[in-house]
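Along the sequence shown, residues carry numbers from 1.
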Amino acid sequence: MTPGLLGPAEIRDLAARLGVSPTKKLGQNFVHDPNTVRRIVAAAALTADDVALEVGPGLGSLTLALLPAAAHTHAVEIDPTLAAALPQTAARHAGPYADRLTVHRADALRVTAAELADPAPTALVANLPYNVAVPVVLHLLAALPSLRHGLVMVQKEVADRLVAGPGSKVYGIPSVKLAWHAHARAAGRVPPNVFWPVPNVDSGLVAFTRREPPRPEVPRERVFAVVDAAFAQRRKTLRAALAGWAGGPDRAAVALVAAGVDPGARGESLTVEQFAAVAASAPTGTPAAQ
């Protein structure tokens with residue numbers, strides 16, 4: 001094991017000293033394999049100028065690998081005991097890199113750009129809690145315009161959804177909303193035995209790179225309203241599924257035709273660019289056009 005990184009014995013000893021037991025409520029599964037955290041940091045392709053943002057650092061396994069790789073690391077931790085202990089862990093194991101760490105005792109679903117402004121994060125690198133992975137990624141991309149790229153570890157099923165394309169059985173709301181913000185790709189599988197406690201599912205790595213939204217003149221909220229409506233009843237045609245959004249099936253059909261989309265198609269066949277075009281074509285005088 002490379003000096004400075006935490007192995008299984010160190011993880012359990014640290015947890016025992018802190019009186020910490022992983023909880024399902026917070027989706028806690030601590031990585032205890034140094035090779036896995038090295039792999040994550042390598043796949044994140046950080047530069048010396050990057051400012052890393054880690055969500056849910058837990059006992060600090062990934063944090064310690066990030067500190068030498070980035071100019072600075074923000075760690076956002078909701079658990080007060082873990083948040084308080086992380087600077088001490090960095091001081092004990094990271095040597096001269098410990099001063100590159102800022103710990104925020106906060107909820108990642110509510111954190112703002114102002115809280116993380118000095119310096120602003122450019123790369124999200126995190127082992128995300130399974131139960132909030134998708135909303136955390138989408139919130140951070142929306143709230144932190146400085147984020148340029150990232151690599152997250154999530155449940156394999158969630159990873160598959162995030163990177164799915166139109167026509168896939170698992171293509172849905174997470175796929176389209178992430179595509180609005182970024183280009184995403186699968187970056188590998190992670191086995192359960194590198195975690196404590198051992199989850200009953202594999203994990204997957206998802207890499208993403210920020211991109212300009214396909215129709216920046218259309219508010220994100222309007223596009224996402226179309227996406228939500230289309231997949232709320234994914235077996236229905238878009239003409240029917242978007243009836244509530246547009247103010248009736250006929251109005252929905254008008255918006256779809258104006259956007260160059262077949263009203264008889266289903267949401268799972270549309271690209272994010274097509275969803276944006278539909279949102280831009282909302283009939284005037286309806287809530288969808290506001």
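- A164 and V170 get closest at one heavy-atom pair: CB-CG2, 3.8 Å.
- Using a cut-off of 4.0 Å between Lys/Arg side-chain N and Asp/Glu carboxylate O, D250 and R239 are scored as salt-bridged.
- Side-chain N or O atoms of R210 include one that pairs as donor or acceptor with a backbone N or O of L141 at under 3.5 Å.
- At a threshold of 4.5 Å between non-hydrogen side-chain atoms, the residues K156 and V201 do not count as touching.
- Using a cut-off of 4.0 Å between Lys/Arg side-chain N and Asp/Glu carboxylate O, K169 and D160 are scored as not salt-bridged.
- Between the side chain of T89 and the backbone N or O of G60 there is no donor-acceptor pair closer than 3.5 Å.
- Of all the heavy atoms in E115 and A106, the pair that sits closest is OE1-CB, 4.4 Å.
- Pairs passing the ring-ring contact (aromatic ring centres under 6.0 Å, His included) check and including a residue from residues 34-87, sequence neighbours excluded, read H72-H74, H74-H104.
- Put simply, the side chain of V223 does not reach to within 4.5 Å of the side chain of R215, judged on heavy atoms.
- The aromatic rings of W180 and F224 stand perpendicular to each other, their planes meeting at an angle above 60°, with 30° marking the opposite boundary.
- When hydrophobic clusters are built by joining Ile, Leu, Val, Met, Phe, Trp and Tyr residues whose side-chain heavy atoms come closer than 4.5 Å, directly or via intermediates, L116 is grouped together with V137.
- Heavy atoms of other residues, nucleotides or ligands lying less than 6.0 angstrom from CZ of R17 number more than 12.
- The residues R211 and E273 are annotated as salt-bridged, a charged nitrogen and a carboxylate oxygen being separated by less than 4.0 angstrom.
- One N or O on the side chain of Y171 and one on the backbone of L270 form a donor-acceptor pair closer than 3.5 Å.
- When side chains are defined from C-beta on, V31 counts as touching M153, because their heavy atoms get closer than 4.5 Å.
- The same ILVMFWY cluster, assembled from side-chain heavy atoms under 4.5 Å apart, contains both L109 and V134.
- If you chain together hydrophobic residues whose side chains sit under 4.5 Å apart, I173 and V261 fall into the same group.
- In this structure, the side chains of L66 and L46 come closer than 4.5 Å at one or more pairs of heavy atoms.
- Connection of L14 to L5 is established within a shared hydrophobic cluster, with ILVMFWY side chains joined at heavy-atom distances below 4.5 Å, either directly or through further cluster members.
- Here the CG-CD1 distance, from N35 to I40, works out to 11.0 Å after rounding to the nearest 0.5 Å.
- Placement of V136 and L178 within a single hydrophobic cluster is found when ILVMFWY residues are connected by side-chain heavy-atom separations under 4.5 Å, directly or transitively.
- Checked by atom type and distance alone, the side chain of Q88 never pairs as donor or acceptor with a backbone atom of A85 at under 3.5 Å.
- Distance check, rounded to the nearest 0.5 Å: NE2 of H149 to CZ of F208 gives 8.5 Å.
- When all heavy atoms of P87 and L101 are compared, the pair lying nearest together is CA-CD2, 4.3 Å.
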**Request:** Please assess Y97 against T73 for the test side-chain contact (heavy atoms from CB on, under 4.5 Å), listing each intermediate value before the final yes or no.
**Result:** CA-CA 10 Å; Y97 300 110; T73 296; over 6 Å; no

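- The CG atom of L238 sits 9.0 Å away from the CZ atom of R266 when rounded to the nearest 0.5 Å.
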**Prompt:** Checking side-chain contact (heavy atoms from CB on, under 4.5 Å) for the pair L18/L59: CA distance, chi angles, key distance, verdict?
**Reply:** CA-CA 10 Å; L18 297 175; L59 294 168; 3.9 Å; yes

**Message:** Please determine whether side-chain contact (heavy atoms from CB on, under 4.5 Å) holds for the pair R12 and H32, giving the CA-CA distance in whole Å, both sets of side-chain angles, and the decisive distance to 0.1 Å.
**Reply:** CA-CA 9 Å; R12 290 180 180 276; H32 60 57; 6.0 Å; no

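- Side-chain N/O atoms of Y130 and S203 include a donor and acceptor closer than 3.5 Å.
- With respect to E77, the side chain to side chain contact (heavy atoms under 4.5 Å, CB included) criterion is satisfied by exactly one of T63, L82, L86, D107: L82.
- A donor-acceptor pair under 3.5 Å links the side-chain atoms of S146 to the main chain of P121, judged by distance alone.
- Here the CZ-OG1 distance, from R148 to T47, works out to 6.5 Å after rounding to the nearest 0.5 Å.
- Side-chain atoms of N127 come within 3.5 Å of backbone N or O of N29 as a donor-acceptor pair.
- We find the OG1-CG distance between T209 and L151 to be 10.0 Å, quoted to the nearest 0.5 Å.
- For the pair S175 (side chain) and G165 (backbone), a donor-acceptor distance under 3.5 Å is absent.
- Applying the salt bridge (Lys or Arg N to Asp or Glu O under 4.0 Å) test between D228 and each of R234, K177, R222 identifies K177 as the sole match.
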**Request:** Using the side-chain contact (heavy atoms from CB on, under 4.5 Å) rule, take V278 and L242 through it: C-alpha gap first, then chi angles, then the decisive distance, then the call.
**Result:** CA-CA 10 Å; V278 173; L242 298 184; 4.1 Å; yes

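- Side-chain contact between V158 and P174 is absent, with no heavy-atom pair separated by less than 4.5 Å.
- Note on ring orientation: taking the six-membered ring where Trp is involved, the planes of F30 and W196 are tilted (angle from 30° to 60°).
- Minimum heavy-atom separation, A133 to L128: O-CD1, 3.9 Å.
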